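We use all heavy atoms of the structure for the numbers below, so side chains are in, but hydrogens, waters and symmetry mates are not. From a predicted model like this one, the values you see are computed outputs, not experimental measurements. Chain identifiers are assigned alphabetically (A, B, ...) following the order of the sequence lines, protein sequences preceding nucleic acid strands; residue numbering begins at 1 within each chain.
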Amino acid sequence: MNMHVSNLAFSFQDEDLKKLFADYGTVSAAKIITDKFTNKSRGFGFVEMADEKAAQTAMSEVNGKMIDGRSVKVTEARPREENRSNGFNKRW
DNA sequence: GTTGAGCGTT
């Protein structure tokens, strides 16, 4: 299950996010979204877990957890199947 | 060296 984790500290890293979710279950992939120019953390990332029940448990546990003085918000990630690089709507 | 709503590359 792909999950979107926001409200993270700027000093957060992908491995930190991975360890955070790995404590509740098996983490398939965890990455922090960084800026393309400054290459700095944007304060949010994505976590993918193979086990759905573990993902839901981790989501329920990590969501609202106090980290670095901020409540981490965990929500289900939106599908990025659509072509964002197209620039035109193929719908019409 | 800064800031604070959000949805990203292999």
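Summarising the geometry, the separation between CG on D14(A) and P on dT9(B) is reported as 14 Å, rounded to the nearest angstrom. As a whole-Å value, the separation of D35(A) CG from dC7(B) C1' is 15 Å. Following rounding to the nearest Å, F12(A) (CZ) and dG8(B) (P) show an atom-to-atom distance of 20 Å. Between the C1' atom of dG8(B) and the CZ atom of R42(A) lies a distance of 9 Å, rounded to the nearest Å. One can place CE of M3(A) at 17 Å from P of dC7(B), the figure rounded to the nearest angstrom. In this structure, F44(A) atom CZ and dG8(B) atom P are separated by 7 Å, rounded to whole Å. Here dG8(B) presents its C1' atom at 18 Å from CE of M1(A), a figure rounded to the nearest Å. Straight-line distance from the CD atom of Q13(A) to the P atom of dG8(B): 22 Å, rounded to whole Å.
What you find for A9(A) and S41(A) is that their closest heavy atoms are O-OG, 4.2 Å. In terms of heavy atoms, S28(A) sits closest to A50(A) at OG-N, 3.1 Å.
If you chain together ILVMFWY residues whose side-chain heavy atoms come under 4.5 Å of each other, V5(A) ends up grouped with M1(A), M3(A), L8(A), F12(A), L17(A), L20(A), F21(A), Y24(A), V27(A), I32(A), V47(A), M49(A), M59(A), V62(A), I67(A), V72(A), V74(A).
Classification of D14(A) and K31(A) as a salt-bridged pair fails, no side-chain N sitting under 4.0 Å from a carboxylate O.
Atom-to-atom distance recorded for N7(A):CG and K73(A):NZ is 4.5 Å, nearest 0.5 angstrom. Here the NZ atom belonging to K18(A) is positioned 10.5 Å from the OG1 atom belonging to T26(A), to the nearest 0.5 angstrom.
Annotation: side chain to side chain contact (heavy atoms under 4.5 Å, CB included) contacts of T75(A) (sequence neighbours excluded): H4(A). By the side chain to side chain donor-acceptor pair (under 3.5 Å) test, N2(A) is found to be paired with no residue, residues two or more places apart in sequence or in another chain being considered.
Contact check of residues 46-71 of chain A against DNA chain B (heavy atom, cut-off under 4.0 Å) returns F46(A), R70(A). Near-neighbour residues of DNA chain B inside residues 19-27 of chain A, defined by a heavy atom below 4.0 Å, are absent.
Among the nucleotides dG8(B), dG6(B), dC7(B), the one closest to any side-chain atom of R78(A) is dC7(B). Looking at the side chain of F10(A), the nearest of the listed nucleotides dG6(B), dG4(B), dG8(B) is dG4(B).
In this structure, K73(A) reaches neither bases nor backbone, as no heavy-atom distance under 4.0 Å exists between it and the strands shown. I32(A) comes within contact range of no nucleotide atom at all, as no heavy-atom separation falls under 4.0 Å.
Each of A77(A) and S41(A) lies near DNA chain B, and the nucleotide nearest S41(A) is the one positioned closer to the 5' end.
Interface remark: the S6(A) side chain does not form any donor-acceptor pair with the dC7(B) base, using a distance-only criterion of under 3.5 Å.
Residue pairs meeting the side-chain hydrogen bond (donor to acceptor under 3.5 Å, both in side chains) criterion with at least one member in residues 50-64 of chain A, sequence neighbours excluded, are D51(A)-K53(A).
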